[in-house]
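Worksheet for the structure shown next.
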Amino acid sequence: MTKFVKTTFAAVSSPGQERKERGTLVVFADPDLRLGGATAELMGPAAELIAKSAAVAKFKGKNGTAVTVLAPADLDFDRLIVIGTGPAKDFAGLDFVTLGGAVMGKLPQGATATVLFDFAETLENPAAAAADFALGLHLRGYRFDLYKTTKKDDGESKGPAHVTIGVADPAAARRAYKSRQAIAEGVDLARDLVNEPPNVLNPEEFARRAEKLQEIGVEVDILDEKAMRKLGMRALLGVGQGSHYESRVAIMRWHGGGAKDKPIAFIGKGVCFDTGGISIKPAAGMEDMKGDMAGAACVTGLMHTLAMRKAKVNAIGAIGIVENMPDGKAQRPGDIVTSMSGQTIEIINTDAEGRLVLADVLWYVQDKFKPEFMIDLATLTGAILVALGQEHAGLFSNNDLLAERLAAAGKATGEAVWRMPLGAAYDKLIDSKFADMKNTGGRFGGSITAAQFLQRFVNDTPWAHLDIAGSGMNSLANDVNQSWGSGWGVRLLNRLVADHYEK
Ligand code: BES
Ligand code: MN
Ligand code: ZN
């Protein structure tokens, strides 16, 4: 993992020492075209070149702007990129992850580059900023090209990009980067899982990939169908019964806290492919339903991150992994299943399957681990796209403090959430004539009735549900993500844990 970008921290005074190719030089300029002190010294006569290029390009050093100079005279580089930072007084509020992503977006594929990250005089914690910057480079550099046998020959190097980041204190930056590398790897893992095709990432294979987390100190237990039948997880099993593959639940446990500390728990919807089942979906765009396991992918990526950075917390990741297929053995509309909780569910639409999977996993985790909180992530409803578009995930919660903390972590990481309502009037909509509840609530408020359904499997445990149908797959491209599967939620939840739940 993190195979697309190699970053090295070096002293800003001699950042090019290990350089074999000329490559790209990246420097930063404020609105007065002021460079950092060390940069100005290193640039020498090229300062005039920058001023001239800036004038031609009408470059004013504004944050989010840049000017590129090819074959710059007086410099031992093939290209020079000047990145605007805005005024120095605003540096403390700069998002250096996004900045790193933006810079990576300007580099040619496989580039060799040197960045003069010259903020030692203007930032309180330049090492943390440099580490954030490097995280942005990695996030932006991710590609999923496993199945491309012919690569475009555009004259650019196909290997990983090599970026040397010149800083005042390389050792401090390297130390700060450790936790960011854990994040980059967790996001990469989640993205890989979402992008993998459904013939490769079937439920049994997903369980094996989750099991691999054992190598980094995560305890992993896999429940197979026999074990689930014994537990009474018939809501989950009903969804998978039309599939050639066996359903699985993977329980990943990271013990980084005290022996007596209650764990925090993350639960993911892992529908490896959602045809809709007997209530089959239309053909157009159905291929996207390989991403219906983005919630489970996020939970797996998050557990990877927590373990790699040895987070001081006890955390559980539990994912329900199934494939929703039409078949002679598949579940029917009209079926009534008994969930692990004992509550019965009338199936109205076999395409409302995610909530059935989560019902049993939520109940199991609550019952077995008595967690401090449970947060579930699911590509649960198309309706959340109608309500919020792709720029916010839907947040539902029975706990204001947890909801506020999630919203704050969302703002801090750019993985934004928007709180939606819950209430008895919505809950009524899923009462059933024949069973305790039905699995759909009619045309209106589809994301809310789905959340109400989940809440029926939560007792007093603080709980939040994130509907990521718009953000986890088929994702918007931005400075830090160009991937179809965004790995959405890994950074958000890692931030939540780091800010509030570690000792
Ligand atoms: N996996 C889908 C939701 C989805 C839609 C995710 C679009 C990503 C993009 C989910 O299982 C589903 O099919 N939901 C139905 C629920 C309905 C039958 C009540 C939906 O949203 O139409
Ligand atoms: Mn569905
Ligand atoms: Zn689904």
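Counting starts at 1 for both ligands and their atoms, in listed order. Numbers here simply count residues along the sequence, with the first being 1.
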message: Would you say Asp261 and Asn314 are linked by a side-chain donor-acceptor pair, where the criterion is simply a distance under 3.5 Å?
response: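 On atom types as modelled, these side chains do not qualify, holding no pair under 3.5 Å.
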- prompt: Between Tyr147 and Asn195, is any side-chain donor less than 3.5 angstrom from a side-chain acceptor?
  reply: no
message: Using ring centroids (six-membered ring only for Trp), state whether His138 and Tyr177 fall under 6.0 Å.
response: yes
- request: Assess the pair Phe444 and Tyr426: is the distance between their ring centroids shorter than 6.0 Å?
  value: no
- request: Mark the output for Arg443 as yes if a heavy-atom distance to ligand 1 is under 4.0 Å, and as no if none is.
  value: no
message: Please confirm whether Val271 approaches ligand 1 to less than 4.0 Å, judged on its heavy atoms.
response: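 Not so, Val271 does not reach ligand 1.
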task: Find the distance between CG (Leu402) and CD1 (Ile264) and round it off to the nearest 0.5 Å.
output: 10.0 Å
query: So, are Asp427 and Arg456 salt-bridged, with charged N and O less than 4.0 Å apart?
result: yes
Nearest-option assignment for atom 15 (C) of ligand 1, heavy atoms, candidates Asp292, Val239, Asp351: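 Closest candidate by heavy-atom distance is Asp351.
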Quick check: [X] and ligand 1, any N/O pair under 3.5 Å apart?
X: Asn349; answer: no
X: Arg355; answer: no
X: Ala383; answer: no

task: Decide, counting backbone as well as side-chain atoms, whether Ala352 has an N, O or S atom less than 2.8 Å from the Zn ion (ligand 3).
output: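 Checking Ala352: none of its N, O or S atoms is under 2.8 Å.
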- prompt: Below 2.8 Å, any N, O or S contact between Asp274 and the Zn ion (ligand 3)?
  reply: yes
message: Quick check for you: with the Mn ion (ligand 2) as the vertex, what angle do OD2 of Asp274 and OE1 of Glu353 span, to 10°?
response: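 Between OD2 of Asp274 and OE1 of Glu353, the angle at the Mn ion (ligand 2) is about 100°.
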field: Asp292 near the Mn ion (ligand 2): N/O/S under 2.8 Å
entry: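 No N, O or S atom of Asp292 is closer than 2.8 Å to the Mn ion (ligand 2), so no.
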message: Would Lys290 and Trp484 count as a cation-pi pair here, with the cationic atom under 6.0 angstrom from the ring centre and within 45° of the axis?
response: yes
field: Closest Asp292 atom to the Zn ion (ligand 3) [N, O or S only]
entry: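 The Asp292 atom nearest to the Zn ion (ligand 3), restricting to N, O or S, is OD2.
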task: Looking only at N, O or S atoms, find the one in Glu353 nearest to the Zn ion (ligand 3) and name it.
output: OE2
message: Here's a test for you: under side chain to side chain donor-acceptor pair (under 3.5 Å), which of Asn324, Asn349, Thr440, Asp351 qualifies with Ser279?
response: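 The passing option is Asn349.
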